[in-house]
Protein chains: 2
Amino acid sequence: MTEKQQNILNSALRLFATEGVDSTSTSKIAKHAGVSEGLIFRHFTNKEGLLQAILENGREKSDAYFHSVMQVKDPKERLLMTLHLPFVIPSDEYDFWRLFYTLKWQRGPMEHEGMNLFRNSMKEAFEELGYTNPSAEAQLVEALIDGVATEVLLKEIYPKPLLDCILEKYKLK
Amino acid sequence: MTEKQQNILNSALRLFATEGVDSTSTSKIAKHAGVSEGLIFRHFTNKEGLLQAILENGREKSDAYFHSVMQVKDPKERLLMTLHLPFVIPSDEYDFWRLFYTLKWQRGPMEHEGMNLFRNSMKEAFEELGYTNPSAEAQLVEALIDGVATEVLLKEIYPKPLLDCILEKYKLK
DNA sequence: CATTATAGTGAGTAATCACTTACAAATTTA
DNA sequence: TAAATTTGTAAGTGATTACTCACTATAATG
């Protein structure tokens, strides 16, 4: 991975996240990255290939994070860590997650292996905690995380009071 | 509002919602609507004007709905109606709400008067119900609605068990 | 050192973009 | 019914799009 190749990935992520994939032209990316436009196609074949390379990068990071949550055996502790997720997004990953949520609406949710494993580990946690409908509870947590992550990524929020409200509803406080 | 004008609005909403604003060309809209491309510009000035006309249409509908919720005086009942919102989206409004959530990520949330009133009415409901942090609770409800609406609009869900989980957390069941 | 593969450029390409213009048909108004 | 206004079309416009191609500079390899 050369420096210019990395520049292309960085610039494309920034522009895709802030202005949208379709309204970001390859020439704009090239200018932003300080490379010739042709280089984008040399390294990534086409615009779609560039997008996929970016998504692959981000997936590796997020999978590592999901994995660390799933390793926690105690269900209560695991639920707690899960509910913390939207509040501990590193700010240098904001661009990726903005892109992630945008694409959700334009290309459908990108389902991958790690996500299904995570979903299942949540369901199991609720089972162990004796909830009456673990599968629906897991779905609710997912919706909750998505909603809160949206607030975090798009608005100024005060994490502490919001987190307190959430934890109280799951009797974790 | 002529028939062709209405056709343009319908086609544009459908295409904007399914393929995104930026990747929907005016010529594609014209073909889909069965009109000449020039007519779009005659009636809506430019592509942005067409988008705004669509958003204005949708805002009127949603404002009416928010208004009906806010009229409910009993705080418990009002909270209950609010939490029902994502489950009662009429299916012929799905396109609008998909567009709405897409634009949230590309142009920032579209804040309008009705939305702020609604937000405040939620806060007041939590105040009356004696919650310790009404403002954070209102923010949480908003995030929850957004997250659940996303599930409803993008995936197949079973509303009843999910709604049950939510109501139980607010002791409304 | 010579050869080969890779990294990188800049000037193209046809197609498509949002939008305009000149003009005709239909409708409204006086 | 005559004039004026609105609705509608078809064929353009220059700019921009994703992408290609012929080429050079750099680095790796034997």
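What's counted below: heavy atoms across the whole structure, side chains too, no hydrogens, waters or symmetry copies.
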J.: Closer than 4.0 angstrom, basic N to acidic O: yes or no for B:Arg59 and B:Glu113?
T.: no
J.: Can a side chain N or O of A:Ser36 be found less than 4.0 Å away from OP1 or OP2 on C:dG8?
T.: no
J.: Would you indicate what B:Ser23 reaches in the nucleic acid, counting non-hydrogen atoms under 4.0 angstrom: base, sugar-phosphate, or nothing?
T.: nothing
J.: Check for a donor-acceptor pair, side chain of B:Lys47 on one end and backbone N or O of B:Thr24 on the other, with a separation under 3.5 Å.
T.: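 Present.
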J.: Any donor and acceptor pair, going by atom type alone, linking the side chain of A:Ser11 with main-chain N or O of A:Ile8 inside 3.5 Å?
T.: no
J.: 5'-most contact on DNA chain C: B:Glu48 or B:Arg42, nearest heavy atom basis?
T.: B:Glu48
J.: Keeping the roles fixed (side chain from A:Arg78, backbone from A:Val69), state whether a donor-acceptor pair exists under 3.5 Å.
T.: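 No, A:Arg78 side chain to A:Val69 backbone: no donor-acceptor pair under 3.5 Å.
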J.: Toward the 5' end of DNA chain D, which comes first, A:Glu37 or B:Gly38, by nearest nucleotide?
T.: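 Closest to the 5' end, via its nearest nucleotide, is B:Gly38.
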J.: Send over the distance from A:Leu39 CG to C:dT9 P, rounded to a whole Å.
T.: 6 Å
J.: Would you say B:His43 places a side-chain N or O within less than 4.0 Å of OP1 or OP2 belonging to D:dG8?
T.: yes
J.: Angle class for the A:Phe66/A:Phe118 ring planes (parallel below 30°, perpendicular above 60°, tilted otherwise)?
T.: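 Because their plane-to-plane angle is under 30°, the rings of A:Phe66 and A:Phe118 count as parallel.
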J.: Mind checking whether B:Ile89 and B:Tyr65 have side chains closer than 4.5 Å, heavy atoms only?
T.: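 Not touching, per the 4.5 Å side-chain cut-off.
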J.: Look at the side-chain N and O atoms of A:Ser27 and state whether any lies under 4.0 Å from the OP1 or OP2 oxygen of D:dT17.
T.: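 Yes, because at least one side-chain N or O of A:Ser27 sits under 4.0 Å from OP1 or OP2 of D:dT17.
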J.: Taking atom P of D:dC19 as reference, at what distance in whole Å does atom CG of A:Leu51 sit?
T.: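 Spelled out: CG on A:Leu51 to P on D:dC19 is 12 Å.
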J.: Does B:Thr26 place a side-chain N or O at less than 4.0 Å from the phosphate oxygens OP1/OP2 of C:dC17?
T.: no
J.: Mind calculating the distance between CG (B:Asp22) and P (C:dC17) to the nearest angstrom?
T.: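 Those two atoms, CG and P, are 12 Å apart.
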J.: Rounded to whole Å, please give me the gap between CZ in B:Phe41 and P in D:dG12.
T.: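 About 18 Å, once rounded to whole Å.
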J.: Report which part of the nucleic acid B:Ser25 touches: base, sugar-phosphate, or nothing (heavy-atom distance under 4.0 Å, all strands).
T.: sugar-phosphate
J.: In this structure, how many angstroms lie between the C1' atom of C:dC17 and the CD1 atom of B:Ile29, rounded?
T.: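 In whole Å, C:dC17 C1' lies 12 Å from B:Ile29 CD1.
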J.: To the nearest Å, how far apart are A:Lys28 NZ and D:dA15 C1'?
T.: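 After rounding, the gap between these two atoms is 14 Å.
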J.: Could you give the distance from CG (B:Leu163) to CG (B:Leu80), rounded to the nearest 0.5 Å?
T.: 8.0 Å
J.: Strictly below 4.0 Å, heavy-atom distances to any atom of DNA chain C: list the hits from residues 2-18 of chain A, or just say none.
T.: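 Listed by number, they are A:Thr2, A:Lys4.
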J.: Could you give the CD1-to-C1' distance, from B:Ile40 to D:dA10, as a whole number of Å?
T.: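 Nearest whole value for this atom pair: 14 Å.
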J.: Between P on C:dT6 and CE on A:Met1, what's the gap in Å once rounded to a whole number?
T.: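 Checked: the CE to P distance equals 16 Å.
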